[in-house]
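Take a look at the structure below.
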Protein chains: 4
Amino acid sequence: MAKVKVGVAGYGVIGQRLADGVALQEDMELVGVADVAPTLAIRALKEKGMPYKLYSAMPENQQLFDKLNIPIAGTLEDLVQNVDIMLDATSAGVGAKNKELYKRYGKKAVFQGGEKNSVADVFFHGYANYEQGLGQDFLKLTSCNTTGLIRAVDCIDRKVGVEKVAITIIRRVADPGDYHRGLTNALQVDKAPSHQAVDLMTIMPHIDATGILVHAPVTHGHIITVLAKTKQKISKETLLEYFRENARIRVVRLEDGFLGNASLFKYARDLGNPRGDMYEIAVWEESIVHSGDDIMFAINIPQESDVIPENIDAIRAALRMQNDRMEAVGLTNKYLGMRPNKGV
Amino acid sequence: MAKVKVGVAGYGVIGQRLADGVALQEDMELVGVADVAPTLAIRALKEKGMPYKLYSAMPENQQLFDKLNIPIAGTLEDLVQNVDIMLDATSAGVGAKNKELYKRYGKKAVFQGGEKNSVADVFFHGYANYEQGLGQDFLKLTSCNTTGLIRAVDCIDRKVGVEKVAITIIRRVADPGDYHRGLTNALQVDKAPSHQAVDLMTIMPHIDATGILVHAPVTHGHIITVLAKTKQKISKETLLEYFRENARIRVVRLEDGFLGNASLFKYARDLGNPRGDMYEIAVWEESIVHSGDDIMFAINIPQESDVIPENIDAIRAALRMQNDRMEAVGLTNKYLGMRPNKGV
Amino acid sequence: MAKVKVGVAGYGVIGQRLADGVALQEDMELVGVADVAPTLAIRALKEKGMPYKLYSAMPENQQLFDKLNIPIAGTLEDLVQNVDIMLDATSAGVGAKNKELYKRYGKKAVFQGGEKNSVADVFFHGYANYEQGLGQDFLKLTSCNTTGLIRAVDCIDRKVGVEKVAITIIRRVADPGDYHRGLTNALQVDKAPSHQAVDLMTIMPHIDATGILVHAPVTHGHIITVLAKTKQKISKETLLEYFRENARIRVVRLEDGFLGNASLFKYARDLGNPRGDMYEIAVWEESIVHSGDDIMFAINIPQESDVIPENIDAIRAALRMQNDRMEAVGLTNKYLGMRPNKGV
Amino acid sequence: MAKVKVGVAGYGVIGQRLADGVALQEDMELVGVADVAPTLAIRALKEKGMPYKLYSAMPENQQLFDKLNIPIAGTLEDLVQNVDIMLDATSAGVGAKNKELYKRYGKKAVFQGGEKNSVADVFFHGYANYEQGLGQDFLKLTSCNTTGLIRAVDCIDRKVGVEKVAITIIRRVADPGDYHRGLTNALQVDKAPSHQAVDLMTIMPHIDATGILVHAPVTHGHIITVLAKTKQKISKETLLEYFRENARIRVVRLEDGFLGNASLFKYARDLGNPRGDMYEIAVWEESIVHSGDDIMFAINIPQESDVIPENIDAIRAALRMQNDRMEAVGLTNKYLGMRPNKGV
């Protein structure tokens, strides 16, 4: 069977990882990546020997690439013509402009959380609403926090039903290597409710969600505390069982040395994961407590990489590569080298 | 009427502020403060001209003080004999030892949150259980987080009743100037439930409380998100009204520039408050949201100073200076320069 | 003798402290302060009961002040007409515009380090080139780092002559309470030479200065290492003696607990200094080492407050209040509550 | 030719990377690694499928490994018997104890910077004093800072001679994932001279070195400013040429986006380097300035990985695998995938 042809627009934090993730899928071909200028990520691509073809999203910058002997395979427009679907990981707002190009050539596209909802036909999450993405032209992924949060909530919801969630997001303000944003010795409170709670409801409209987001001056992994009102009370052990069945959720223990978000980053590096990334969110076993009949727990969101699997799921849905949700996410996981789902 | 005589053991972060707070009370006399060695705080006391008499809690260190020409008024034992009550703000565990000395001379004492509960006859909070402290010999205050949290919860509880709270504490890991503890670019998760939730229940046993604590690498102000299940649903405006009536709670707005914990620290400095301290906890108006019928909000805990008023309340209770709760806390507030309570 | 009338434009981090400092000078009268909007600092001024008269620098914002019942004494233009000299602590670039207003009314002004050099007739430092400021109309102060650095270098230069300095500045990136700039888990290198080294040479043209600046994610105090080539070799003890004679330099010791920039911030709070500020730079005794015949040491720059004394010196120079350098700085120091100079 | 057999004691931050580095050397065989307990790094080794054999350095912990189904190939004593040389990367002080074991079996060993100098026969640096390590039984490597610093200084010294260096080290206080040490919103000054300057002189006794070390709350890369007095003045371009010839020094530019230590960490991840590591130190082109005839520049030290090449060089020297310095370091570099040396 012919491989599905995929292009990636925007070779930044997310775009690089999307390219790597697509390249691992045995039923997909990464045609190339596009960017506007020789950023550090592009320089690294050059130093690695150009494993991916590079297309220029801003032809007037050609001489910048030439100066560095970085070969350009064509323009973004060329790339679009050569693919079945684009993963658009450009800066917020650029995706909406690129959409015109995708439409011109009748190509599907997947946008990231930073774009406005109106850019897409459907707001998509691989596990939670795969079916709604089937055959759609334009899909928008949820943000890193929302994607990870929905994984945990959907996992419980499918088992016992979730009525209500109240979350507190401790948001890392920058990625490692960021110099264009930052916060020093301060926590910053956002206007509530957090958009992540609101976004969860667009994917899971049967759940009442709200929450407060506080920015913290760290670079590794958001931490979210989730208080979930389930339709029937579940024990800590039952919750752990649910989470352990899910390939995109990793249960960890303080006792074993997973003390916080930075331990998970270190562990992913020690695992030899590409770029030291982790696709799974993590749940701390010792964080689980009951509040009356409700259950509360803390999860870690590896913000640079957790949306990669759901983006690849989106390709599968948009192109109807698999019609079955579990078959689709299972293939994504398998090719990404994740452990298999046990259920749901 | 003769002033009540108060001594302070331990002239650290809390002890210094207790001394300052007591010195402001017109019905109290600060007899002196005691410490073991010429720390930076003691050096600052010397540079200020010794506004408080200093007693030595470790006579073998006499030469250290002599070398710096710091006058010593006597030993801790001398101090104890000259007071009606001691505020013990020594390092965790030392208070339990000092208690023997206090008992020997038949003196009352107030211990801080770091001591074990067994050190005291009653676990005390000025607003929440003032009456239980009346006439007691040994009182233990709640920690800075718990003290502030109880202020907010008690304030609601007295109006409409609170059944349950679930909290997320984003804990600042160090105070400004601390070099003996720290955390760098990491969030750290504690085993749940947090002790603050458990401690709240010792003061307010009719409430079911739980929560998760995450340490963050900042020095100004813990932030706690509180989800409260009230006996009857209250509106955001009603909640704000309750908080505004309470002299120890300050309602602030993101819109006005109070963006997070550091804004409050800056504001206290700009107010000209001694040491740049703030006695009030703060609530962010824009953080208040409903989760079904429950209400959720974020508060700021100025960890260095928020327990000072409740410590002074404890003196009033232990010595039966006032038998009425509102009269007692009102006097404490007045002498500390805080605005008057409007109700409750 | 009539007091000199002073106005302050810009009531931010520096402006607030300038106002406080001028208000302490017995031979000066603070006519008022001006700002454009009800910032947190202005709200604090209101909460304190308006100890200083407030003038509006942006009359179209009148209703913002009215809404908060903040009394406005007039416009910035009114303020300018009522003073002998303005201290301009507005945002970088605004001072140049305000200068037109000052000229219109024939008033002198002192600008801060953020303005371009061309705004002023002379680049001024109280200790290093007081005489050059005498009678000038427009003076520009050096930045906080340069001001503190020059204090140390000038102190040595006047004794034994300094030929060359090479500095490394570890720059704190934000002030406590700042949310508009920041850096998270990163050090940032600036293009060398640092402007502070270049600026030093405008004040002390006989010295060859260069250096490298690295931004660090902290809020309390820049630290500068200085390698100075002196005309004759001096011992560590001699250097300490020089520094100890200077009222604006504080010699501290690691051994005493002054472990870094944050210890000095804490100490200033413990001293009860207004806003927890310190006017002095500090030198760590144990940092002093020789590199051949040259001498190297580390200093702390309290970035929010160290330029206040030199600003007040500038008033004295511009208005020829004192013609003698040591008399002028001595008065500034005295009224600010600093210890007396011993020499130089 | 038979491969040299190497064991690694201590599978922590350095030990893991030593194992990876040795495994890449085509003329070496990694017999196994040893550690005392199932740390996160050991758990990651297990999750990766045990690419390296694990030996137990604390047999009484056998059941801890058994519980996790981690296969143990034997004891540390077994490992020692099976190798030609041990790389000891245990916690400071443990190496001295392990030395007894190495001696018992007549095996050579290489110790890390944390051990006391007395543990070794020679203080070793691959580029600077390779010849002194030839045939030695016990070698001690310099610390990460000193190793990187010597690379830069030796590179200049071999060309034009260096007489004197004065350094300022901005030291990252923790590695990513560390929770056992940390610093929050503070810079900390060490007693001067820094041990790195002193250690440099043990390797390069003909140079006068001194310096000041300041700890900063970041996790990626120390930054050192170096002021070098060369025997003849060199231009910026000449210095860059020297550095570019050296395979273990990478010249980077602010202009290209390498803004600080975190950019280099990000770049190494983007390169796909194992664990996101970088073996090279970096020099910022725009940091180079002259101080009179002396030259000053800033370098980045990737503290987790920069000592790996020099450790492997030490194996080559101790076992006389190569007698020629440049041949030895060239092979190390080649097998590590670094670019070739151009000269020196």
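Lettering follows sequence order; numbering is per chain, from 1.
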Do Asn185(B) side-chain atoms and Thr219(A) backbone N/O form a donor-acceptor pair below 3.5 Å? yes

Answer with side chain, backbone, both or neither: which region of [X] has an atom nearer than 4.5 Å to a non-hydrogen atom of chain A?
X: His215(B); value: neither
X: Phe297(B); value: backbone
X: Ala298(B); value: both

Heavy atoms under 4.5 Å from chain B: which residues of residues 190-200 of chain A carry them? Asp190(A), Lys191(A), Ala192(A), Pro193(A)

Interface check, chain B: of Glu285(A), Glu255(A), Glu286(A), Lys229(A), most non-hydrogen pairs under 4.5 Å belong to Glu286(A)

With a 4.5 Å cut-off on heavy-atom pairs, point out which of Ala186(B), Ala262(B), Ser291(B) contacts chain A the most. Ser291(B)

Quick one: which of His220(B), Lys164(B), His290(B), Glu163(B) has the most heavy-atom pairs under 4.5 Å with chain A, could you say? Lys164(B)

Step by step, would you call Arg172(A) with Leu187(B) a side-chain contact (heavy atoms from CB on, under 4.5 Å)? CA-CA 9 Å; Arg172(A) 73 85 191 85; Leu187(B) 299 172; over 6 Å; no

Using side chain to side chain contact (heavy atoms under 4.5 Å, CB included) as the criterion, point out the one residue from Val189(B), Thr225(B), Val214(B) that pairs with Ile170(A).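 Single side chain to side chain contact (heavy atoms under 4.5 Å, CB included) partner of Ile170(A) among Val189(B), Thr225(B), Val214(B): Val214(B).
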
For Lys116(B), does the NZ atom sit with more than 12 other heavy atoms under 6.0 Å from it, leaving out its own atoms?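 Count not over threshold, so no.
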
At a heavy-atom separation under 4.5 Å, does Asn261(A) approach chain B through its side chain, its backbone, both, or neither?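 Both parts, backbone and side chain.
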
About how many Å separate [atom2] of [Y] and [atom1] of [X], when rounded to the nearest 0.5 Å?
X: Ile167(B); Y: Met296(A); atom1: CD1; atom2: CE; result: 7.5 Å
X: Leu227(A); Y: Thr210(B); atom1: CG; atom2: OG1; result: 9.0 Å
X: Gln188(B); Y: Leu254(A); atom1: CD; atom2: CG; result: 8.0 Å
X: Ile224(B); Y: Ile212(A); atom1: CD1; atom2: CD1; result: 11.5 Å

